[in-house]
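Below: the structure, in structure tokens.
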Amino acid sequence: LKKEVWNMVYIYLIILLMFLVIAHFITKYENSVVLKIIDRYEAELNEKNIELKNLNYKLKEEVQEKTNQLVKNLFIDPLTKLPNREKLLVDFEFKKFIAILNIDSFKEINDFYGIEIGDRVLKEIGNILSLEVELYKLAGDEFAILDDNIKNITLKVEHLMKVIENSK
């Protein structure tokens, strides 16, 4: 009976040992499979992070570009591409005198020939005058010039009147 009990103990120990060895190999295999899955997901995650960084960089560039465009649009008249009233107000802090030029009977030009022709007139006058002085486009048919000397601004206005009279 003792011998049979010892044989049973040996058999149970061998079975236990075999179970432990099999469990060890199964665990090792499962760990390697899990590590492969984790590595694959980490690689995908890294790719997505790089993609997100690139998108973020592009987005920052676009935001900067749009910001610059908005700042530019804030200070530029869209029709004539001349500095506008906002820019005049900023520059007026450094100059003392302002002359405002108004096109006489401009409403009749718009009414008779149409707004498109009126816009062309404004552009052409802006082009002609901006070659002579630093010119600002205000609302409607008004333009302005700045200077820090009253004599200079008077001379500029007289010169612009002659330029306009000599232009078609």
Side-chain angles (χ1 to χ4, degrees), residues 29-168:
Y29 173 75
E30 286 179 351
N31 282 344
S32 69
V33 169
V34 169
L35 285 175
K36 285 179 186 178
I37 292 171
I38 289 172
D39 287 343
R40 187 174 68 232
Y41 282 126
E42 280 182 349
E44 287 179 24
L45 194 61
N46 286 336
E47 286 177 24
K48 295 295 181 187
N49 278 339
I50 290 169
E51 215 175 292
L52 282 174
K53 283 180 185 178
N54 290 337
L55 288 172
N56 192 29
Y57 179 75
K58 287 178 184 178
L59 185 62
K60 282 181 182 179
E61 284 181 338
E62 282 185 40
V63 166
Q64 185 61 43
E65 182 181 319
K66 293 294 182 185
T67 302
N68 292 342
Q69 189 176 4
L70 283 173
V71 169
K72 180 182 174 186
N73 289 343
L74 177 66
F75 293 117
I76 300 293
D77 177 65
L79 177 66
T80 61
K81 306 299 184 228
L82 292 171
N84 64 9
R85 181 180 180 276
E86 297 301 321
K87 179 69 170 141
L88 176 95
L89 292 174
V90 170
D91 292 349
F92 192 63
E93 293 180 24
F94 306 106
K95 310 278 179 144
K96 295 181 184 176
F97 301 99
I98 184 171
I100 296 177
L101 311 169
N102 186 301
I103 303 171
D104 289 340
S105 303
F106 184 74
K107 182 181 180 322
E108 284 76 17
I109 293 172
N110 267 345
D111 290 343
F112 188 74
Y113 295 105
I115 294 173
E116 288 180 16
I117 298 298
D119 286 349
R120 284 179 50 195
V121 168
L122 289 174
K123 286 181 192 177
E124 190 61 32
I125 289 174
N127 288 338
I128 292 169
L129 297 182
S130 66
L131 294 174
E132 305 295 324
V133 295
E134 183 179 359
L135 188 68
Y136 299 86
K137 171 68 173 71
L138 304 180
D141 62 342
E142 294 180 336
F143 295 88
I145 57 174
L146 292 176
D147 206 306
D148 52 0
N149 183 311
I150 190 73
K151 288 182 182 180
N152 287 345
I153 204 164
T154 304
L155 291 173
K156 285 180 183 179
V157 169
E158 289 171 358
H159 175 70
L160 292 177
M161 297 288 285
K162 288 178 187 174
V163 168
I164 291 171
E165 288 171 2
N166 294 327
S167 299
K168 288 185 178 182

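FYI, the numbering just counts along the sequence from 1.
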How long is the straight-line distance from [atom2] of [Y] back to [atom1] of [X], given to the nearest 0.5 Å?
{"X": "Leu70", "Y": "Glu65", "atom1": "CG", "atom2": "CD", "answer": "11.0 Å"}
{"X": "Ile109", "Y": "Asp141", "atom1": "CD1", "atom2": "CG", "answer": "8.5 Å"}
{"X": "Asp147", "Y": "Lys96", "atom1": "CG", "atom2": "NZ", "answer": "10.5 Å"}
{"X": "Leu146", "Y": "Glu93", "atom1": "CG", "atom2": "CD", "answer": "11.5 Å"}
{"X": "Asn127", "Y": "Ser167", "atom1": "CG", "atom2": "OG", "answer": "11.0 Å"}
{"X": "Ile98", "Y": "Leu89", "atom1": "CD1", "atom2": "CG", "answer": "8.0 Å"}

Minimum heavy-atom distance between [X] and [Y], given as atom pair plus value:
{"X": "Thr80", "Y": "Leu122", "value": "CG2-O, 3.9 Å"}
{"X": "Gly118", "Y": "Asn110", "value": "CA-OD1, 3.2 Å"}
{"X": "Leu135", "Y": "Gly126", "value": "CD2-O, 3.8 Å"}
{"X": "Asn84", "Y": "Ile76", "value": "ND2-N, 3.5 Å"}
{"X": "Phe75", "Y": "Val90", "value": "CE2-CG2, 3.7 Å"}
{"X": "Ile145", "Y": "Tyr136", "value": "CA-CD1, 4.5 Å"}

Step by step, work out the side chain to side chain contact (heavy atoms under 4.5 Å, CB included) result for Phe97 and Thr154.
CA-CA 10 Å; Phe97 301 99; Thr154 304; over 6 Å; no

Determine, stepwise, if the pair Leu101 / Ile164 fulfils side chain to side chain contact (heavy atoms under 4.5 Å, CB included).
CA-CA 11 Å; Leu101 311 169; Ile164 291 171; 5.8 Å; no

Any donor-acceptor pair under 3.5 Å linking the side chain of Asp77 with the backbone of Leu138?
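Flag not set: sc Asp77 to bb Leu138 has no pair under 3.5 Å.
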
Is the shortest side-chain heavy-atom distance between [X] and [Y] below 4.5 Å?
{"X": "Lys36", "Y": "Val33", "result": "no"}
{"X": "Glu44", "Y": "Arg40", "result": "yes"}
{"X": "Gln64", "Y": "Glu61", "result": "no"}
{"X": "Phe143", "Y": "Leu82", "result": "yes"}
{"X": "Ile150", "Y": "Ile153", "result": "yes"}

As a quick check of understanding, evaluate salt bridge (charged side-chain N to carboxylate O under 4.0 Å, His left out) for Lys95 and Asp91, giving each step before the final call.
CA-CA 7 Å; Lys95 310 278 179 144; Asp91 292 349; over 6 Å; no

Return yes when atom CD1 of Ile115 has more than 12 non-hydrogen atoms of other residues, nucleotides or ligands closer than 6.0 Å, and no otherwise.
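It does not: Ile115 CD1 has 12 such atoms or fewer within range.
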
Kindly determine whether Lys123 and Leu79 satisfy side chain to side chain contact (heavy atoms under 4.5 Å, CB included), including the steps that lead there.
CA-CA 7 Å; Lys123 286 181 192 177; Leu79 177 66; 3.3 Å; yes

Test log, rule side chain to side chain contact (heavy atoms under 4.5 Å, CB included), inputs Phe94 and Asp148
CA-CA 8 Å; Phe94 306 106; Asp148 52 0; over 6 Å; no

